[in-house]
Amino acid sequence: MRLLIMGPPGAGKGTQAVSLAERIGGAHISTGDIFRANIQQQTELGRTAQRYSDAGEYVPDEVTNAMVKDRLAQDDAREGFILDGYPRTVGQVHTLDEILEELGASLDGVIELVVDPEELIQRLLKRAETSGRVDDTEDVIRHRQEVYTSETAPLLEVYGSRGLLIQVDGVGDVDEVSRRIADALPS
Ligand code: AMP
């Protein structure tokens, strides 16, 4: 199965994507995780990504698209994957369409975790106390939500019009949300 998981920052995408990847037996591909690994290893890609992510901005499409193209060509993604945090812009949607066409593959569904924005701000502020992530200051948190609303939320309509959108209530404990996702997946 080939899935996307979407939702605003702090909605719990990463946590759900890990268990979902196990369930579908596919690769969990998180662009945020790949950028963070590169930042830690101080690669060229990491240095570029850091400039943007520290400020709560998106990394430019050319950089992100090339990275995802490479990752989707790897063996473990051949049978299925869950893409977590990509696509995030309309340009990335087009690139993903092209990559999948080249691979002769198509998406089975796009999961949207629906969570109240105020609840998210509270979650993120709480996470900021313990994470030590540089992009977890209050200003950056608010900016990331705004960027999501302007750049990424419109993608939900695109996938909705393709009949792929699966909306799941993202409020509740992790297991409860996992169950809702499992129940909503296409068979
Ligand atoms: P995340 O952990 O998914 O919130 O990603 C952390 C940061 O990595 C984001 O704030 C962006 O700077 C960058 N990033 C992750 N995925 C993308 C993407 N698809 N397009 C652009 N930037 C991204």
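Both counts, for ligands and for their atoms, begin at 1 and track the order of listing. Owing to the predicted nature of the structure, the values given are computational and were not obtained by experimental measurement.
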Inset, instruction - Answer yes or no: does an N/O atom from F35 fall short of 3.5 Å to an N/O atom of ligand 1? - result: no
Legend entry - Exercise: do E22 and H28 side chains pair donor with acceptor under 3.5 Å: no
Inset, instruction - Could you tell me which atoms of ligand 1, counted from 1 in the order shown, lie closer than 4.0 angstrom to a heavy atom of T31? - result: 15 (C), 16 (N), 17 (C), 19 (N)
Inset, instruction - Decide, yes or no, whether a salt bridge links E98 with K69 under the criterion of side-chain N to carboxylate O below 4.0 Å. - result: no
Inset, instruction - Please state which part of E57 comes within less than 4.0 Å of ligand 1, counting heavy atoms only: side chain, backbone, both or neither. - result: backbone
Inset, instruction - Evaluate the side-chain contact (heavy atoms from CB on, under 4.5 Å) criterion for residues D54 and V140: first the C-alpha distance (whole Å), next the side-chain angles of each, then the deciding distance (0.1 Å), finally the verdict. - result: CA-CA 8 Å; D54 281 359; V140 175; over 6 Å; no
Inset, instruction - Give yes if a backbone or side-chain nitrogen or oxygen of Q92 is under 3.5 Å from a nitrogen or oxygen of ligand 1, and no if not. - result: yes
Legend entry - Residues forming a side-chain hydrogen bond (donor to acceptor under 3.5 Å, both in side chains) with R78, sequence neighbours excluded: D75
Inset, instruction - Output yes when R162 and D97 qualify as a salt bridge under the 4.0 Å nitrogen-oxygen rule, no when they do not. - result: yes
Legend entry - Pairs meeting criterion side chain to side chain donor-acceptor pair (under 3.5 Å) with involvement of residues 5-20, two or more places apart: Q16-S178
Inset, instruction - Look only at interatomic distance and state if Y52 has a nitrogen or oxygen under 3.5 Å from any nitrogen or oxygen of ligand 1. - result: no
Legend entry - Atoms of ligand 1 close to S53 [distance to a heavy atom under 4.0 angstrom, numbered from 1]: 7 (C), 12 (O)
Legend entry - Residue part near ligand 1, for V59, under 4.0 Å between non-hydrogen atoms: both
Legend entry - Identity of the nearest option to atom 3 (O) of ligand 1, non-hydrogen atoms only, from Q50, R88, R51: R88
Legend entry - Which of the ligand 1 atoms, numbered from 1, are nearer than 4.0 Å to a heavy atom of G85: 16 (N), 17 (C), 18 (C), 19 (N)
Inset, instruction - Any atoms of ligand 1 less than 4.0 Å from a non-hydrogen atom of T64? List them with their elements. - result: 18 (C), 19 (N), 20 (N), 21 (C)
Inset, instruction - Answer yes or no: are there more than 12 heavy-atom neighbours, outside Q74 itself, under 6.0 Å from its atom CD? - result: yes
Inset, instruction - State if R36 counts as touching ligand 1 under the rule of any non-hydrogen atom under 4.0 Å. - result: yes
Legend entry - Minimum heavy-atom distance P87-L155, with the two atoms named: O-CD2, 3.5 Å
